[in-house]
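The structure appears right after this line, and notes come after that.
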Amino acid sequence: MNRARDLVGYGANPPDVRWPGGAGLAVNFVLNVEEGSEYSIGDGDGRSESALSEVRASRIPPGDRDLAAESMYEYGSRVGFWRIHDLFRGRNLPLTIFASALALERTPQTAEAIAATDWDICAHGYRWIEHYHLTPEVEAEHIARAHDSILRTIGRAPQGWYSRYSASTATRGLVVAHGGYGYDSDAYNDDLPYWTEVNGTSHLVLPYTMVINDAKFLSGDVFSAREFSEFLIDSFDVLRAEAVQKPRMMSIGLHSRIIGHPGRLAGLVRAIDHINQYDDIWICGRDQIAAHWREVSPPGQCT
């Protein structure tokens, strides 16, 4: 159930492949839909959620409901999601949904809106909780329950899996054993997909990012929309230049309760305007990246 480290990866010799249309860079926007599935007193967790909200530490006594934090999360589902939905629908841009299944169960209008698009779905847990706190038996139950729930609420199954922050040492094996997931994104270690071997089975990993991520607003790394857009644009420009010689993938992580505020969304809009200037890139869903990688770089020698 353990996961060996790989400090080498592709090294100086990544696969010599191109994305569809001859593009060197694949750009993937990810929206994390978590609101309503986070820790809460009402769900028997004994505490309110304190992470990724507008205050860094709860001011409420432990064991009491933090109504302010709950309300900040509600902004994401009540307002932020719809602002992002309208932006991506209006621009006809693909979007990957990292969905905590319970969040969709509790916001049927959100589920219905996602179902009406062709956006791809990656399961982000049944609830937005850390899987490394779970026993393997309970974790396997959550992985299966997330798959079934999303299939029921959206009408199509999630293609991939992504844990909150970090997988447990058992997660990848349990995801493969489940059989319903084509990849996982429980890695931050590369700018390209790669194959690994899990109990004799070739398994695809699509690394995600904590770097090009709107969580930077709440960590204090960036404050203004302009700072965020400049960082996205600089990241994009460097990757696009590298992609002339080496294929690259750029993930952009978003949250309804963070980027969904107007003063922050402005930065995302500026970055999208910049990215859309270029026709030598591929803006795509995560399931499209996985499907293309299976076609042009099938499993062979694992990295």
Side-chain angles (χ1 to χ4, degrees), residues 9-12 14-15 17-32 52 80 84 87-88 91 93-98 119-120 122 124 160 162 165-166 183 185-194 205-261 263-290 292-293:
Y10 294 122
V17 302
R18 297 281 94 183
W19 302 109
L25 173 61
V27 178
N28 172 231
F29 294 92
V30 173
L31 178 63
N32 292 266
L52 290 189
I84 298 162
L87 171 63
F88 278 82
R91 299 292 186 96
L93 288 173
L95 183 64
T96 294
I97 303 296
F98 276 11
W119 298 342
D120 63 301
C122 176
H124 191 20
Y162 174 64
Y165 177 66
S166 175
Y183 70 88
S185 288
D186 285 333
Y188 308 98
N189 55 3
D190 215 304
D191 291 320
L192 284 176
Y194 59 88
V205 179
L206 271 61
Y208 186 49
T209 181
M210 291 291 186
V211 178
I212 311 171
N213 194 303
D214 67 0
K216 297 295 184 180
F217 281 107
L218 302 186
S219 66
D221 293 293
V222 300
F223 175 76
S224 71
R226 191 166 301 278
E227 288 175 323
F228 187 61
S229 65
E230 287 176 354
F231 187 71
L232 263 63
I233 289 168
D234 287 347
S235 300
F236 170 82
D237 286 348
V238 170
L239 288 169
R240 179 172 170 268
E242 290 180 349
V244 173
Q245 300 295 329
K246 300 177 180 180
R248 288 289 185 252
M249 178 180 83
M250 178 180 182
S251 300
I252 300 170
L254 307 169
H255 300 76
S256 298
R257 64 189 176 280
I258 303 177
I259 202 70
H261 287 273
R264 293 171 178 155
L265 194 80
L268 177 61
V269 171
R270 277 194 287 270
I272 288 173
D273 288 342
H274 179 82
I275 291 169
N276 269 339
Q277 296 180 78
Y278 300 96
D279 58 9
D280 59 348
I281 63 167
W282 182 40
I283 304 176
C284 55
R286 221 162 179 81
D287 60 343
Q288 293 176 292
I289 293 174
H292 186 74
W293 202 257

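Sequential numbering from 1 along the given sequence is applied to the chain's residues.
Considering every non-hydrogen atom in both Arg286 and Asp120, the closest pair reads N-OD2, 3.1 Å. The two atoms that bring Asn28 and Cys284 nearest to each other are ND2-O, 3.1 Å, heavy atoms only. Shown here for Gly267 and Ser229, the closest heavy-atom pair between the two residues is O-CB, 3.1 Å.
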Please output the side-chain donor-acceptor pairs of residues 240-247 that fall under 3.5 Å, not counting sequence neighbours, one pair per line with the distance.
residue, atom, partner, partner atom, Å
Arg240, NE, Asp280, OD1, 3.0
Arg240, NE, Asp280, OD2, 3.2
Arg240, NH2, Asp280, OD2, 3.1
Glu242, OE1, Arg248, NE, 2.8

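With sequence neighbours left out, the side chain to side chain donor-acceptor pair (under 3.5 Å) criterion links Tyr188 to Tyr162.
Looking at heavy atoms from C-beta onward, Trp282 lies in side-chain contact with His292 at the 4.5 angstrom threshold. Side-chain contact between Pro207 and Tyr194 is present, with heavy atoms from C-beta onward closer than 4.5 Å. For the pair Leu31/Phe88, no side-chain contact is recorded, criterion being any heavy-atom separation below 4.5 Å from C-beta on. With a 4.5 Å cut-off on side-chain heavy atoms, Ile289 and Met249 count as touching. Between Leu87 and Leu93, every side-chain heavy-atom pair lies at or beyond the 4.5 Å cut-off. A heavy-atom distance below 4.5 Å is not found between the side chains of Trp19 and Ile281. Contact check for Trp293 versus Leu192: side-chain heavy atoms found under the 4.5 Å cut-off. Proximity of Phe236 to Ile212: side-chain heavy atoms (C-beta onward) are nowhere separated by under 4.5 Å.
Heavy-atom contacts from other residues, nucleotides or ligands closer than 6.0 Å to OH of Tyr278 number more than 12.
The list of salt bridge (charged side-chain N to carboxylate O under 4.0 Å, His left out) pairs with a residue in residues 223-239, not counting sequence neighbours, is empty.
A distance of 11.5 Å separates CZ in Phe228 from CZ in Arg270, rounded to the nearest 0.5 Å. To the nearest 0.5 Å, atom CD1 of residue Ile259 and atom CD1 of residue Ile84 are 7.0 Å apart. The distance from atom CG of Asn189 to atom OH of Tyr208, rounded to the nearest 0.5 Å, is 15.0 Å. With values rounded to the nearest 0.5 angstrom, Ile258 atom CD1 is found 9.0 Å from Phe217 atom CZ. In this structure, CD1 in Ile97 is found 13.0 Å from CZ in Phe29, a value given to the nearest 0.5 Å.
Under a 4.0 Å N-O distance rule, the pair Asp273/Arg91 qualifies as a salt bridge.
Residue Ile252 is tested with Val30, Ile272, Val27, Thr96 for a side-chain contact (heavy atoms from CB on, under 4.5 Å); the sole match is Val27.
A donor-acceptor contact shorter than 3.5 Å links the side chain of Asp214 to the backbone of His255.
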